[in-house]
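Let me begin by presenting the structure, written as structure tokens, before commenting on it.
Residue numbers begin at 1 in each chain, while the letters A, B, ... track the order of the sequences. Being a predicted model, the structure only gives us computed values, none of them experimental.
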Number of protein chains: 2
Amino acid sequence: MKNLEQLKNEFANLSEFLIAIGDETRQAIIIALLEDNACNGLRVNDLTEVTDLSRPAISHHLKILKQAHLVDFRREGTKNYYYLSHNISEIEQLRQLLTHVSDIIDKEQ
Amino acid sequence: MKNLEQLKNEFANLSEFLIAIGDETRQAIIIALLEDNACNGLRVNDLTEVTDLSRPAISHHLKILKQAHLVDFRREGTKNYYYLSHNISEIEQLRQLLTHVSDIIDKEQ
DNA sequence: TTTAATGGTTTAAAAATAAGAACCAAAAGG
DNA sequence: CCTTTTGGTTCTTATTTTTAAACCATTAAA
């Protein structure tokens with residue numbers, strides 16, 4: 001079945017994204033960034049307060065979130081402002097994957 | 001904002017599911033189960049062949065997939081037949097979460 | 001041009017996850 | 001009742017992930 005080969009790729013391409021959003025610490029970071037409706041972006045130290053983690057730990061999780069294209073940041077002097085990416089293409093990709101899987105399961109019922 | 005508290009819960013409730021489907025070995029198991037369009041279910045030894053892993057390793061991953069409500073199984077004597085759950089409610093929950101997140105991001109633009 | 005602030009990186013430790021060998025239990029078949 | 005098949009569960013080891021202390025580089029401020 002040709003479809004399943006495609007599905008396998010869709011799945012593999014989303015691994016990083018899924019692992020990124022599966023972790024509860026990173027979920028807390030994402031929520032904090034969603035809460036920032038002023039949309040200025042949050043700094044690393046803002047996030048250490050939210051999560052009770054050290055700066056290197058936050059930095060590490062932000063790196064994972066950046067690699068998964070979930071967050072982006074801008075520099076202003078020495079300050080880094082993190083925010084959720086404006087177009088997270090993985091969201092739509094994941095939605096399509098879920099539809100694919102549902103379709104196959106329903107077909108086999 | 002009341003919505004974000006709800007979003008936080010939706011996220012937390014899906015952690016197990018997201019971690020389950022983020023792992024590439026477990027993705028391989030899911031694909032194999034999707035390929036079983038006869039829908040008889042696959043046995044542990046069928047899956048060891050697909051993935052080149054030991055039986056305890058497969059057993060371990062199946063446990064995680066069961067806890068995430070992704071797979072189910074039936075016994076026939078000593079034989080266990082694993083299959084994808086017929087109604088994976090987490091699929092719809094995740095779809096709604098993605099919509100929620102998109103909505104908030106778009107609103108803030 | 002010092003001094004302070006900001007924050008990434010490296011390093012090392014701790015914790016969690018994954019893996020297979022060995023073991024155990026249950027059911028089928030002789 | 002013994003033997004075989006099947007497959008879950010320890011148990012131990014290896015790997016990966018997470019964490020914070022220490023370190024370093026950059027920019028702003030004094």
Side-chain angles (χ1 to χ4, degrees), chain A residues 11-12 14-33 36 38 40-85, chain B residues 11-12 14-33 36 38 40-85:
Chain A
F11 241 132
L14 283 169
S15 288
E16 264 199 335
F17 181 77
L18 292 168
I19 290 168
I21 64 174
D23 180 273
E24 304 216 22
T25 302
R26 292 189 284 269
Q27 288 179 3
I29 293 175
I30 293 168
I31 298 284
L33 295 179
D36 169 44
N40 313 338
L42 295 180
R43 311 237 303 280
V44 180
N45 278 327
D46 300 329
L47 293 167
T48 59
E49 284 168 26
V50 174
T51 56
D52 274 324
L53 283 178
S54 68
R55 190 161 48 70
I58 295 294
S59 214
H60 166 244
H61 286 298
L62 283 173
K63 196 178 196 176
I64 291 170
L65 290 169
K66 276 186 281 181
Q67 282 167 352
H69 308 124
L70 265 155
V71 310
D72 209 341
F73 73 105
R74 65 173 197 285
R75 310 204 64 150
E76 284 183 19
T78 55
K79 296 173 186 169
N80 291 359
Y81 292 87
Y82 288 89
Y83 52 89
L84 288 172
S85 299
Chain B
F11 239 132
L14 284 168
S15 287
E16 266 199 334
F17 181 77
L18 291 168
I19 290 168
I21 65 175
D23 180 273
E24 304 217 23
T25 302
R26 291 189 285 267
Q27 288 179 2
I29 293 176
I30 293 169
I31 298 284
L33 295 179
D36 169 45
N40 312 338
L42 295 181
R43 310 236 303 279
V44 180
N45 278 327
D46 299 329
L47 293 168
T48 60
E49 285 169 26
V50 174
T51 56
D52 273 324
L53 283 177
S54 69
R55 190 161 49 70
I58 294 294
S59 215
H60 167 243
H61 286 298
L62 283 173
K63 198 177 195 176
I64 291 170
L65 290 168
K66 274 187 280 180
Q67 282 167 353
H69 307 123
L70 265 155
V71 310
D72 209 340
F73 72 103
R74 66 171 195 285
R75 311 203 63 149
E76 285 184 18
T78 56
K79 297 173 185 169
N80 290 359
Y81 292 88
Y82 287 88
Y83 53 88
L84 289 172
S85 301

A/Tyr82 side chain, from C-beta outward: closest of D/dT18, C/dG8, D/dG7: C/dG8
A/Glu16 side, atom CD; A/Leu65 side, atom CG - distance, nearest 0.5 Å: 10.5 Å
Distance in Å, A/Leu47 CG paired with A/Leu62 CG, rounded so as to fall on 0.5 Å steps: 6.0 Å
Minimum-distance nucleotide (side-chain atoms of A/Arg55 versus D/dT19, C/dG8, C/dA27): C/dG8
Which residue lies more 5' along DNA chain D, comparing A/His61 with A/Gly77 via nearest heavy atoms: A/His61
B/Leu53 CG - D/dG7 P separation (whole Å): 16 Å
Listed once per pair and sorted, the side chain to side chain donor-acceptor pair (under 3.5 Å) pairs that draw on residues 55-76 of chain B, sequence neighbours left out: B/Arg26-B/His61, B/His69-B/Glu90, B/Arg74-B/Glu76, B/Arg75-B/Asn80
Listed nucleotide nearest any side-chain atom of B/Thr78, set D/dG7, C/dA18, D/dT5: D/dT5
Beyond-backbone contact of B/Phe11 with A/Ile30, side-chain heavy atoms, under 4.5 angstrom: yes
Touch class at under 4.0 angstrom, heavy-atom based, for A/Ile19 against every strand present: nothing
Rounded to 10 degrees, the angle between the two terminal axes of the helix from C/dT1-D/dA30 to C/dG30-D/dC1, each from five pairs: 10°
side-chain N/O A/Arg43 vs C/dG7 OP1/OP2, d < 4.0 Å: yes
B/Asn80, nearest nucleotide to its side chain (from C/dA19, D/dG8, D/dA20): D/dG8
Within-4.5 Å side-chain heavy-atom neighbours: B/Tyr83 and B/Val71: no
Separation of D/dT6 P from B/Arg74 CZ (nearest whole Å): 15 Å
Euclidean distance, A/Ile29 CD1 relative to A/Asp46 CG, rounded to 0.5 Å: 12.0 Å
Spacing between A/Asp46 atom CG and C/dG7 atom P, to the nearest angstrom: 8 Å
Side-chain donor/acceptor of B/Thr48 to backbone N/O of B/Leu53, under 3.5 Å: no
For atom NE2 of A/His60 and atom P of D/dT16, their distance in whole Å: 14 Å
Aromatic ring proximity B/Phe73/B/Tyr81, centre distance under 6.0 Å: no
N/O (side chain, B/Ser54) to phosphate O (OP1/OP2, C/dG20) under 4.0 Å: yes
Selected nucleotide, minimal atom distance to B/Lys63 side chain, candidates D/dT18, C/dG8, D/dT9: D/dT9
Value in whole Å for how far the P atom of D/dG7 lies from CD of B/Glu49: 12 Å
Rounded interatomic separation in angstrom, taking CZ from A/Arg75 and P from C/dG7: 9 Å
OP1 or OP2 of C/dT6 under 4.0 Å from side-chain N/O of A/Tyr81: no
Separation of atom CG in A/Leu62 from atom P in D/dT19, rounded to whole Å: 12 Å
Nucleotide D/dT15, atom C1' - distance to CG of B/Asp23 in whole Å: 13 Å
Phosphate contact (D/dG7 OP1 or OP2) by B/Asn45 side-chain N/O below 4.0 Å: yes
Distance test, side-chain N/O of B/Ser59 to OP1/OP2 of D/dG8, below 4.0 Å: yes
Closest nucleotide among D/dT9, C/dA18, C/dG7 to the B/Pro56 side chain: D/dT9
